[in-house]
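Input: a single structure, listed below in structure tokens.
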Amino acid sequence: MTTINFNKIEKKWQDRWETSKIFEVKENKKQKYYVLEMFPYPSGSGLHMGHALNYTIGDIFARFKRMNNFNVLYPMGYDSLGLPAENAAIKEKQHPKKFTNNSINKFIKQQKSLGLSYDWSRMLKTSDPEYYKWNQYFFLKFLEKGLIYRKKAPVNWCKKCDTVLANEQVHNGKCWRHENQEVELKQLEQWFIKTTKYADELLERVDELEWPERIKTMQKNWIGKSHGTEILFDVNGEKWPIFTTRPDTIYGVTFLVIATQHERLTELVTKEQLPKVKAFLKKAKSTSQKDLDALEKEGAFTGSYATNPITNEKIPIYTGNFVVADYGSGMIMAVPAHDQRDFEFAKKYSIPIKIVINPEDYDLNPEAITRAFTGDGRLTNSEEFNNLKNREAIEEITKQLIKKKLGKKTTQYKLKDWLVSRQRYWGTPIPIIYCDDCNIQPVPEKDLPIKLPEKITFGKGNPLTTNKSFLETKCPKCKKPAKRETDTMDTFFDSSWYYLRYTDNKNSTKPFQESKVKYWLPVDQYIGGAEHACMHLIYARFFTKALRDLGFLSFDEPFTKLFNQGMLHGEDGFVMSKSRGNVILPEEVSKKHGIDTARLFLVSVASPDKDIHWSEKGIEGSTRFMKKLHEFYLSSKPTKSSRRLESKLNKTIKLITEDITNFKYNLAVIKLRELLDIFIEEPSSKKDLESFLKLLTPFCPHITEELWEKIGNKPFISLQSWPTYDESKIDEALEKQEQTINKTLSDISNILKIMKEKQNTEPKNIYLYVMPNELKIYNEPTLSKRINKPTKVFAVNDKNKYDPENKSKKAKPGKPGIYLE
RNA sequence: GCGGUCUUGGUGAAAUUGGUAGACACGUUAGAUUCAAAAUCUAAUGUCCUAAAAAGACUUACAGGUUCAAGUCCUGUAGACCGUACCA
């Protein structure tokens with residue numbers, strides 16, 4: 001038994017790949033293929049097996065496409081701006097830049113040791129001013145185009161930190177650093193991008209994407225287009241629009257509810273009600289929807305009233321924590337009889353419940369109902385609309401509202417405009433200057449990038465607000481002293497266009513050269529987790545469309561195909577993560593088993609779109625395979641391939657090609673295992689031995705390079721062409737026969753076992769009775785050898801057969817009668 | 001609350017359009033090899049009935065339904081997970 005020095009082999013080939021630059025690409029005449037994994041946030045703890053799985057999935061695909069003669073762009077970069085670096089700065093007193101660069105270097109080293117075939121010359125980091133300069137540039141372009149505006153929006157505020165907290169930094173309504181400090185909500189003027197301008201296109205084009213259906217459904221629901229009616233309610237002499245999909249229930253409206261986070265809530269709160277409302281608002285724990293839903297459905301009376309435009313009834317306005325501020329107008333008309341949440345709210349605050357729709361077969365009793373009736377029926381208590389079917393009433397009532405100029409038909413989206421302002425240091429500075437005289441001024445393009453100052457103090461507020469050298473500047477218009485914007489951009493801005501920058505990552509005069517983007521884009525295969533279904537993937541799609549309309553691009557969708565990999569779980573069954581403490585490090589696995597073994601194991605456990613469970617025992621199976629492979633190739637002597645091997649090989653090439661194309665790597669590995677066993681049993685030609693290595697090389701690139709060289713070839717197998725198959729060599733009948741014979745042999749051994757155990761007899765001769773047309777597939781010497789007993793085979797219609805117990809009657813097609821004596 | 005996903009042997013899992021459930025691997029057991037062990041090889045291995053299944057019954061979280069046929073489609077129940085807009 002030879003031991004394989006995996007690590008030596010790995011190092012050897014990783015070095016050779018790097019020095020020969022074989023994975024670096026340029027635009028050429030070949031057909032391009034762009035494979036991209038969602039770039040990582042370089043966390044301080046480095047990458048674990050879960051990341052390794054993600055990149056292995058992409059690397060296999062990139063290697064496969066490369067061997068199929070595509071010009072493959074396969075780059076890697078780092079989403080290196082963001083909260084964790086800043087948290088580390090606060091907690092560990094380390095500068096975010098240093099923290100980030102250390103993390104990136106660690107990531108690169110680890111990724112290289114996984115044997116990933118990236119074009120490293122295209123690497124990018126979003127924390128590099130040469131990158132975020134273009135964030136600022138695009139921000140200004142969007143501003144010019146009218147895609148950006150300012151509006152008040154709530155933030156989580158910690159008094160002790162004197163700063164805004166991310167939802168993640170709020171734990172049970174308390175600050176992450178100050179356990180006793182209740183988080184407050186504060187309204188701040190912030191920057192928004194009009195993503196809703198593209199809502200329709202984002203929705204419509206979902207259908208043309210080759211993405212998993214569930215992701216497409218999630219996106220559609222996230223955009224959430226719905227048709228309805230906007231009704232104007234009179235509040236203190238002003239018309240407030242209210243969006244509803246149920247104008248048929250207008251006669252049943254007994255109160256209005258405004259969102260607790262509504263910009264104009266305070267205008268509605270009367271002096272008398274102020275203390276009550278304030279007390280209620282304090283219960284809000286953070287701006288996150290999750291936290292909001294965890295709260296009991298509650299509200300408070302604002303003290304104001306509105307007038308129902310149809311009935312002219314005076315109805316109270318409440319504020320409630322179940323109303324979403326950014327949807328519709330942030331205020332709803334409540335119909336307790338026909339909406340369950342309104343019903344519960346009305347019960348809680350003793351608000352009247354008025355029935356305006358009855359089911360077809362009986363009348364509801366307002367005193368007796370225990371829940372809202374949300375089904376269809378006929379109108380009641382609705383004056384001239386009584387007895388109308390409610391579906392028709394939606395149309396009729398809307399018509400009348402339009403006639404009276406009290407409402408209109410509208411479309412609403414759940415999709416909100418994108419709040420890009422962040423009150424943090426480690427992000428792209430928003431290129432805006434505030435001047436007392438000239439107001440809000442964009443930074444001139446020639447002054448970009450606005451770099452983050454290096455000398456800063458952490459711990460109290462946003463470091464940018466206290467940094468004079470950053471803050472103080474001159475107004476670009478009147479040249480008087482002015483102040484810079486201290487908000488930075490949401491990092492989703494960075495990740496919305498990075499896939500474009502890879503095509504031209506060193507360009508210092510433009511974000512990218514149009515011709516390069518035209519050659520490489522769109523991304524043919526994007527790979528990443530389903531957690532990005534709604535946010536990153538919508539922002540990136542939006543960005544593409546916005547840049548298209550600004551004349552930078554000439555395509556509509558950034559990611560033609562999308563693959564969602566599953567998550568890696570540790571041996572304890574939980575998702576692998578540092579905080580769980582169940583991480584497996586690639587370095588350690590590599591030392592023990594070799595990285596090829598780990599790659600093979602990771603993709604063979606289960607279908608890559610499902611969650612994968614790591615198993616220290618399970619990887620042994622892959623190790624055995626690698627040893628078997630290595631040993632076989634070192635001792636193999638090429639001759640001429642047998643028919644059986646040729647059939648199996650050609651069929652396997654065909655099937656594995658399909659499997660890899662469909663990301664069914666687990667099935668491909670199974671076929672490779674079966675194929676190797678045939679190679680071990682049967683004679684094979686040099687060409688076929690080479691084909692096997694080619695099929696395996698996307699999965700195990702190092703050992704296959706090594707064996708490719710050992711059997712007398714020049715490097716690199718990574719640059720070889722994918723094997724083709726010859727349909728005429730695939731012999732399905734041969735495989736069927738093999739199955740039949742195996743089944744028969746297993747039956748015989750079973751009978752032998754029983755006879756030995758129970759009767760204590762050991763038959764000497766075996767007789768098989770088979771269908772006459774199947775006679776040719778049973779080879780007597782082979783059978784005798786495999787059973788280790790003399791075996792005779794008869795056709796059931798053979799008059800001279802030896803069959804004392806008439807077992808030939810038992811024979812069926814594919815299943816012979818068996819007699820032993 | 002809204003939206004999405006999952007549940008198959010002792011374990012990880014397969015099952016392309018609804019068509020032989022459990023491929024492949026781990027583990028376990030037995031045998032071979034060995035002074036012995038490890039490694040390797042060979043065989044068996046869903047559950048139950050049975051002396052024995054080559055020839056019985058049952059079996060894909062649970063309860064129903066559609067169908068000649070359901071792990072797969074539909075309805076409901078239970079449990080687990082993901083996203084929910086300042087984590088990326």
_Please give the stem ranges for RNA chain B, sorted by first residue number, where a stem is three or more consecutive Watson-Crick or G-U pairs and both donor-acceptor distances are under 3.5 Å._
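For RNA chain B the paired stretches long enough to count as stems (3 pairs minimum) are B:1-7 with B:78-84, B:10-12 with B:24-26, B:27-32 with B:40-45, B:46-48 with B:56-58, B:61-65 with B:73-77.
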_Parallel, tilted or perpendicular: rings of A:Tyr539 and A:Phe492 (30°, 60°)_ =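 Tilted.
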Nucleotide [N], atom [atom2] - distance to [atom1] of [X] in whole Å:
X	N	atom1	atom2	value
A:Met535	B:G83	CE	P	11 Å
A:Ile612	B:A25	CD1	P	17 Å
A:Asp79	B:A88	CG	P	8 Å

For the side chain of [X], counting heavy atoms from C-beta on, which of [options] is nearest?
X	options	value
A:His613	B:G4, B:C86, B:G12	B:G12
A:Met218	B:G3, B:U84, B:A88	B:G3
A:Lys610	B:C86, B:A14, B:C87	B:A14
A:Thr217	B:C87, B:G4, B:A85	B:G4
A:Ala606	B:A85, B:A13, B:G4	B:A13
A:Glu531	B:A14, B:C82, B:C86	B:C82
A:Gln423	B:A85, B:A88, B:C86	B:C86

*asked:* Between A:Arg624 and B:U40, is there a contact of a side-chain N or O with OP1 or OP2 at under 4.0 Å?
replied: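 Result: yes.
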*Within less than 4.0 Å of OP1 or OP2 of B:A23, is there a side-chain N or O belonging to A:Lys671?*
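Negative; the distance criterion is not met.
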*Separation of A:Asn321 CG from A:Phe345 CZ (nearest 0.5 Å)*: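 Rounded to the nearest 0.5 Å, the CZ-CG separation comes to 8.0 Å.
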*Is the glycosidic torsion of B:G9 within 90° of 0, making it syn, or is it anti?*
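Base orientation relative to the sugar is syn.
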*asked:* What's the gap between B:U7 and B:A14 when it is taken at their P atoms, as a whole Å value?
replied: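 Roughly 9 Å separates the two P atoms.
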*Just checking, any donor-acceptor pair under 3.5 angstrom between side chains of A:Asp291 and A:Ser286?*
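Judged by distance alone, the side chains do pair up.
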